[in-house]
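All remarks here apply to the structure that follows.
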Amino acid sequence: MIALDGLSPRHQALINGIESFLLLGKHVVDGITIALSKGRIFEETLPLLTAAGIEPRENPETSRKLIIPTNRDDVRVVIVRATDAPTYVQYGAADVGVAGKDVLIENGGDGLYQPLDLKIAQCRMMVAVPAGFDYGHAVRQGARLRVATKYINIAREHFAAKGVHVDLIKLYGSMELAPLAGLADAIVDLVSTGGTLKANRLVAIEHIVDISARLIVNQAALKLKREKLAPIMDAIARAVGR
Ligand code: PRT
Ligand code: MG
């Protein structure tokens with residue numbers, strides 16, 4: 001921090017402002033910004049970052065900060081919604097990030113380099129129905145099923161490939177509630193332990209795709225910041241392989 005004797009508070013504030021602006025500019029040009037979402041992605045990415053010598057200074061679960069410094073002056077983490085990580089990386093607001101394959105398939109990973117399957121946040125995209133609902137029978141009858149999901153594109157493609165007639169209902173969360181509340185006949189959602197389905201008397205009946213989180217990289221950053229990015233990516237790749 002630049003502090004000069006005899007400056008009025010207003011002038012000191014101005015100097016502080018200019019200094020932060022210059023530091024921000026320096027970070028954008030030289031530094032590495034990593035986009036992560038809170039929760040399982042952050043938790044499961046931590047050991048991979050540690051392997052690359054990067055340690056976030058705060059935990060987003062307890063801190064309200066959205067920009068988290070790390071032990072390296074030139075590396076910072078931005079905390080984003082899981083579905084927003086590809087957008088930050090695509091536009092270069094973050095150089096690298098971590099996103100679930102579900103998010104990448106559903107929203108398209110255009111303009112992103114996806115060099116690594118991190119094998120974390122693993123789960124399966126499934127079709128599930130209430131226990132006792134005869135899905136096979138309904139399909140054979142050519143019934144039009146109402147399916148609630150956050151993953152409209154993935155669901156549309158899945159049912160089209162199977163020749164099943166569906167009306168898709170877009171939800172933003174708690175898909176499991178939809179059949180119970182009478183909103184839908186079936187859901188398309190992620191399943192890991194199966195505990196949530198079980199607790200809501202739903203059964204998974206079709207497997208759509210296996211999901212895990214991927215490292216995503218901005219294509220321009222990969223060229224312009226290669227010297228800094230390559231060692232980080234290599235260390236993460238080695239950690240994943242272990
Ligand atoms: O939660 P929020 O609305 O903020 O956003 P989000 O749900 O997109 O983020 P988050 O952190 O929950 O998930 C981030 C990524 O983790 C997803 O994009 C997936 O790639 C991955 N992932 C891995 C999962 C799960 N496992 C998972 N089990 N994402 C969600 N779930 C949910 C699922 O939707 C269901 O409600 O967990 C419930 C089922 O879990 P089990 O263990 O009961 O089967
Ligand atoms: Mg969630």
Side-chain angles (χ1 to χ4, degrees), residues 34-49 56 58-68 77-90 94 96-110 112 114-131 147-158 168-181 183-217 236 240:
I34 305 172
L36 295 177
S37 53
K38 284 208 284 196
R40 72 188 99 221
I41 297 268
F42 185 87
E43 299 300 330
E44 297 185 33
T45 302
L46 264 188
L48 302 176
L49 289 181
E58 284 181 72
N59 180 344
E61 287 323 315
T62 49
S63 161
R64 289 186 169 270
K65 279 202 190 142
L66 297 175
I67 299 182
I68 297 185
V77 172
V78 291
I79 302 300
V80 300
R81 276 301 284 266
T83 39
D84 291 335
T87 309
Y88 275 81
V89 175
Q90 189 182 340
V96 289
V98 175
K101 190 72 189 171
D102 50 322
V103 172
L104 293 167
I105 306 176
E106 179 65 19
N107 305 318
D110 290 358
L112 292 171
Q114 297 179 34
L116 261 186
D117 180 349
L118 299 176
K119 311 232 171 84
I120 59 168
Q122 289 180 316
C123 55
R124 301 160 320 272
M125 181 81 66
M126 308 282 289
V127 181
V129 296
V147 180
T149 186
K150 183 158 126 180
Y151 304 99
I152 292 285
N153 295 324
I154 294 173
R156 184 187 301 113
E157 213 173 289
H158 173 75
L168 296 170
I169 302 172
K170 167 87 182 179
L171 288 181
Y172 293 87
S174 301
M175 267 76 83
E176 301 85 3
L177 174 63
L180 308 180
L183 178 64
D185 304 304
I187 61 171
V188 167
D189 194 9
L190 300 174
V191 180
S192 45
T193 62
T196 307
L197 291 183
K198 200 161 175 228
N200 292 292
R201 293 184 35 78
L202 298 168
V203 286
I205 47 155
E206 267 171 13
H207 174 272
I208 301 179
V209 59
D210 283 330
I211 299 291
S212 57
R214 310 294 155 122
L215 190 71
I216 52 176
V217 185
I236 291 177
V240 171

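Start at 1 and go down the list; that is how both ligands and their atoms are numbered.
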Q.
Looking at Q114, I want to see if its CD is surrounded by more than 12 non-hydrogen atoms of other residues, nucleotides or ligands under 6.0 Å.
A. yes
Under 4.0 Å from ligand 1, counting heavy atoms only, is it the side chain of [X], its backbone, both or neither?
X: S192; result: both
X: M175; result: neither
X: V191; result: both
X: V103; result: side chain
X: K150; result: side chain
X: L197; result: neither

Can you report which non-hydrogen protein atom sits closest to [atom], along with the distance?
atom: atom 4 (O) of ligand 1; value: R81 NE, 3.4 Å
atom: atom 11 (O) of ligand 1; value: K38 O, 3.8 Å
atom: atom 20 (O) of ligand 1; value: D102 OD1, 2.6 Å

Q: Number the atoms of ligand 1 from 1 as they appear, then name those within less than 4.0 Å of a heavy atom of D189, with their elements.
A: 33 (C), 34 (O), 35 (C), 36 (O)
Q. Of all the atoms in ligand 1, which lie at a distance below 4.0 Å from a heavy atom belonging to A82?
A. 8 (O), 9 (O), 14 (C)
Q: Using non-hydrogen atoms of the residue, decide whether A213 is closer than 4.0 angstrom to ligand 1.
A: no
**Q.** contact_flag A121 ligand 1 heavy-atom lt 4.0 Å
**A.** yes
Q | Note: D210-R124 ion pair, threshold 4.0 Å (strictly below) | A | no
Q.
With a 4.5 Å cut-off on side-chain heavy atoms, are V188 and M175 touching?
A. no
**Q.** pair V240-L215: side-chain heavy atoms closer than 4.5 Å
**A.** no
Q: Return yes if some donor-acceptor pair links the side-chain N/O of E106 with the main-chain N/O of I154 below 3.5 Å, else return no.
A: yes
**Q.** Nearest option to atom 42 (O) of ligand 1, as decided by whichever heavy atom of T193, I187, T196 sits closest
**A.** T193
Q. Does an N or O from E176, backbone or side chain, lie closer than 3.5 Å to an N or O of ligand 1?
A. yes
